[in-house]
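Step one of this worksheet: look at the structure below.
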Protein chains: 2
Amino acid sequence: MMRAAFDRRVRRLGLTRSQWLVLSLLHRRPGVSQSELAEMLEVERAAAGRMVDRLERRNWLVRRPDRLDRRVNRLYLTAEADAVQAEMGRIAVELLDDAMAGLGAEEREALSDMLERVKAQLQGMSPRAASSPDARPGLSP
Amino acid sequence: MMRAAFDRRVRRLGLTRSQWLVLSLLHRRPGVSQSELAEMLEVERAAAGRMVDRLERRNWLVRRPDRLDRRVNRLYLTAEADAVQAEMGRIAVELLDDAMAGLGAEEREALSDMLERVKAQLQGMSPRAASSPDARPGLSP
DNA sequence: AGGCAATGGTAGCCTAGGCAACAAGCAGGC
DNA sequence: GCCTGCTTGTTGCCTAGGCTACCATTGCCT
């Protein structure tokens with residue numbers, strides 16, 4: 001429902017929530033590879049790749065080959081994307097605020113905290129959990 | 001992540017979480033129409049219709065015409081669907097329990113309650129909110 | 001140097017959902 | 001009776017994601 005609400009609100013900008021997540025991430029870390037992007041978004045490489053396809057087709061970002069490793073594409077936002085990115089961020093905050101209108105400050109804190117814990121739990125049972133480099137994924141080591 | 005985790009667990013049964021939601025609902029209320037189904041699942045009529053397509057194609061349910069209103073299809077589970085439905089329910093409960101393993105009983109209660117409130121808030125701003133029959137959709141009556 | 005495993009990216013097939021346009025059917029007003 | 005408007009369902013086009021198989025490249029190890 002959050003996704004749907006967000007998409008409804010930013011439709012006029014010609015983007016979706018998922019696309020905004022990419023833009024936002026690329027704004028903070030320009031030059032990441034597609035694999036890195038996929039991992040950060042917690043999504044399959046294929047899905048990330050197609051996302052990049054769509055965004056590139058609409059000129060929101062550019063693929064540029066890495067000079068050291070010919071396999072990887074480094075991703076960079078275009079100027080327009082950089083411009084719209086902030087606006088989307090504002091909308092995201094607004095939506096979050098509206099959605100939690102019925103909750104007090106401590107409740108929001110608690111909700112956020114609990115969801116983080118649930119997320120960690122779910123991450124621990126995801127197939128991608130095995131390759132965690134340093135974090136202990138299991139629950140009973 | 002919940003959806004993904006659930007789908008991973010029930011894959012061997014040849015179904016998905018969304019499909020299970022339909023089966024579960026139809027088990028409790030056989031003979032609902034597609035529109036009713038869509039509303040109960042909080043999904044567009046088109047999406048519900050395609051869902052029914054897939055489930056019918058795989059013989060999990062049957063469309064039967066209503067005798068009074070030739071527009072509507074009434075939906076009924078097949079025997080196999082009825083059988084597998086309970087199993088899926090058990091898996092759902094298990095998953096929920098696993099996901100909230102890091103939370104105490106009161107926390108779970110609180111989380112559930114808060115999410116309900118957030119959901120209500122989001123429902124109030126959805127486009128389908130206007131046609132609510134009795135409930136007041138606004139936030140400050 | 002050569003081979004082999006790991007990594008990055010892509011394409012194919014699938015489910016899932018949104019929005020819009022449409023046809024068929026129903027119901028109420030005149 | 002007839003027309004007008006609403007409801008039900010379907011179809012088309014779109015994004016989004018999962019899984020698998022595959023190709024190219026890289027890097028390690030012998």
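To find a chain, count down the sequence lines: A is the first, B the second, and so on, and within it residues start at 1. It should be emphasised that the depicted structure is a prediction, and the values quoted were computed from it without experimental measurement.
A straight line from CG of A:Leu15 to P of D:dC14 spans 17 Å, rounded to a whole angstrom. Whole-Å rounding puts the A:Arg8 CZ to C:dC19 P distance at 6 Å. When the P atom of C:dG17 is taken as reference, atom CG of B:Leu37 falls 10 Å away, rounded to whole Å. At whole-Å resolution of the value, CG in B:Leu122 and P in C:dG18 are 13 Å apart. Distance A:Arg17 CZ to D:dC14 C1': 17 Å, rounded to the nearest Å. For B:Trp60 and C:dT15, the CH2 to P distance is 14 Å, given to the nearest whole Å. When the P atom of C:dG25 is taken as reference, atom CZ of B:Arg67 falls 18 Å away, rounded to whole Å. B:Arg57 places its CZ atom 13 Å from the P atom of D:dT10, with the value rounded to the nearest Å.
Sequence neighbours left out, the pairs with a member in residues 15-44 of chain A that pass ring pair (Phe, Tyr, Trp, His ring centres under 6.0 Å) are A:Phe6-A:Trp20.
The only option from B:Arg63, B:Glu39, B:Arg45, B:Arg71 that meets the side chain to side chain donor-acceptor pair (under 3.5 Å) definition with B:Gln34 turns out to be B:Arg63.
Contact annotation for B:Ala48: no contact, since no heavy-atom pair falls under 4.0 Å across all strands. Within 4.0 Å of B:Arg74, counting heavy atoms only, lies no atom of the nucleic acid at all. Residue contacts shown for A:Arg63 are limited to sugar-phosphate atoms, with no base heavy atom under 4.0 Å away. A:Ala46 comes within contact range of at least one nucleobase, with a heavy-atom separation under 4.0 Å.
Looking at B:Ser33, its side chain never comes within 3.5 Å of a backbone N or O of B:Arg74 through a donor-acceptor pair. Listed for the B:Arg108 side chain is a donor-acceptor partner under 3.5 Å among the backbone atoms of B:Met100.
Two residues, B:Leu68 and B:Arg50, neighbour DNA chain C, and the one matched to the more 5' nucleotide by heavy-atom proximity is B:Arg50.
Distance from the side chain of B:Val43 is smallest to C:dG18 among C:dC19, D:dG17, C:dG18.
Here the side chains of A:Leu13 and A:Glu87 are in contact, with some heavy-atom distance below 4.5 Å.
Note that CG of B:Leu75 is 8.5 Å distant from CD of B:Glu56, once rounded to the nearest 0.5 Å.
For B:Arg58 and C:dT15, the shortest distance from a side-chain N or O to OP1 or OP2 is below 4.0 Å. One finds no side-chain N or O of A:Arg70 lying less than 4.0 angstrom from the OP1 or OP2 phosphate oxygen of D:dA24.
No more than 12 heavy atoms of other residues, nucleotides or ligands lie within 6.0 Å of CD in B:Glu109, so this atom counts as exposed by the packing criterion.
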For nucleotides 5-8 of chain D, list the nitrogen or oxygen atoms of the protein found under 3.5 Å from its nitrogen or oxygen atoms, one pair per line.
unit_1: D:dT7; atom_1: O2; unit_2: B:Arg71; atom_2: NH1; d: 2.7

